[in-house]
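Just so it is clear, the values below take in all heavy atoms, side chains as well, and ignore hydrogens, waters and symmetry mates. Worth saying up front: this structure is predicted, and the values here are computed from it rather than measured.
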Amino acid sequence: MTGQTAAGVPASPATIDPEVWPGVAHAPSGTKALVAGKAAGLLFKAAVRRLPLRVAYPDGSVLGTGGPDAPVMTMLRPAAFEVRIGDNGLIGLGESFMAGDWEASDLAGVLEVFAASVDTLIPAPLQKLRSLYLPRTPRQERNEEHNTRSNISRHYDLSNELFSNFLDTTMSYSSALFPLSDGALDSVPWDALAEAQQAKIDRLLDKAGVGSGTRLLEIGTGWGELALRAAARGATVYSVTLSSEQRALAQERIAAAGYADQVTVALQDYRAVEGEFDAVVSVEMVEAVGYEYWPIYFQTIDRVLAPGGKVAIQAITMPHGRMLATRNAYTWVHKYIFPGGFLPSVRAIESVTQQHTTLRVRERMGLGDHYAATLRLWEEQFIARSQEVGGLGFDAVFQRMWLFYLCYSRAGFQSGYLDVQQIVLDRREAQL
């Protein structure tokens, strides 16, 4: 049984199964990898020397401008770390953490420093060459209709029990909306999360005008909480998902609440939806659609939306310039967490809907700080439940991967690199 580091992070095992973790078990080797590692090491050290953190090496040297309270990145195997990032860029950063080449007691803090400096970590002339040496998205991970279910299953069908170990009782896997009157978002407690998740859902349902008699389409079921709350309002809900695990639990929860006659959960691609709906709601699903498929996603919503209907979506977004710069990139998140995914910008959503649909963005609200708070609570719960997660068969490498993902995401919101928006769309302009 694996132990834990001082911060509660599962310690990586002495040996890692290369069949389970082929990109993690062994650092790249050979002359090319060593040369790339030396170059990457020099670039990394030059970058961190001017960043507000501390990078501690086995020989006692410390790089960075951070003071005593700054986050600390502790190098355990610097040579392996360097060849990994030299061979695979930021994918190597995540894989080196999974392998235990470095540790951090405040992992989100370390990653936040990197996220805040993402545009300047690599010298500008070298950034222009990234496309020549960084990996590209495998063809089988593009979100074509025959690939999408496989992509979704790789994340959401891991195990309902895994997710239940760090999500609250609503089983909501998206940003909550906390009442600001409850104090600072960086200190909201775990027992505030379920109510904040319901507040997020209720706001989306309100904005979409969901009430008694509403015919609601939900794109992306999750584990059914939104469908449950819509049904409680008297709506008839048609919800689509590509996760068989999520569908099974959602149907179980819906039946237990007595709403089986009002809610249909279909194992179906959003592109195949037929019929007419008074409202469409979709929570953090557009991120899984893929850059080239955004037009058909919004065209599908436009096609099924009844006259006078409203749309409310919640979407994780990034700045437009970064979106354009990374739209062809293949990242650690793609490889290990969300194959086929890509985050839109607000401008991209506005542009796609204007060019390809009769829908128009009417209102939006950013809640990135709320997502940072949500992720902090998930992270704390995940660490606290490490033994239970291990009992489900998820080894230390998986747990370090998942923790890196949660902290990587939180760092994005805390730094402002990422945001999450509730966006309301309708057709008023087209009717003028």
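The side chain to side chain contact (heavy atoms under 4.5 Å, CB included) test applied to D419 returns T317, Q421, not counting sequence neighbours.
In this structure, the separation between OG1 on T170 and CD on Q197 is 5.0 Å, given to the nearest 0.5 Å. One finds the CG atom of L111 at 10.0 Å from the CD atom of Q414 (value rounded to the nearest 0.5 Å).
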>> For a side-chain hydrogen bond (donor to acceptor under 3.5 Å, both in side chains) check, start with the C-alpha distance between Q399 and S386, then their side-chain angles and the critical distance, and finish with the verdict.
In response: CA-CA 8 Å; Q399 292 189 45; S386 174; 2.6 Å; yes
> Is there a side chain to side chain contact (heavy atoms under 4.5 Å, CB included) between L158 and W402 once you walk through the steps?
Replying inline: CA-CA 12 Å; L158 285 168; W402 203 261; 3.6 Å; yes
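Between F404 and Y408, the ring center distance clears the sub-6.0 Å criterion. Aromatic rings of Y405 and W332 (six-membered ring for Trp) have centroids beyond the 6.0 Å cut-off, not under it.
A salt bridge links E225 to R253: at least one charged side-chain nitrogen sits closer than 4.0 Å to a carboxylate oxygen. In this structure, R376 does not pair ionically with D186, as no charged nitrogen and carboxylate oxygen lie closer than 4.0 Å.
Side-chain atoms of T221 and S239 form a donor-acceptor pair, as typed in the model, at a separation below 3.5 Å.
Classification of the Y291-F342 ring pair by plane angle, with boundaries at 30° and 60°, yields perpendicular. Taking the six-membered ring where tryptophan is involved, the planes of Y297 and Y270 are perpendicular, since the angle between them exceeds 60° and thus also 30°.
For V72 against A56, the heavy-atom pair with the smallest separation is CG1-CB, 4.5 Å. Smallest separation of non-hydrogen atoms from A231 and V237: N-CG2, 4.2 Å.
For the pair R400 and F97, the cation-pi criterion (under 6.0 Å, within 45° of the ring axis) is fulfilled.
The backbone N or O of S174 lies less than 3.5 Å from no partner atom in the side chain of E284, so there is not a single donor-acceptor pair.
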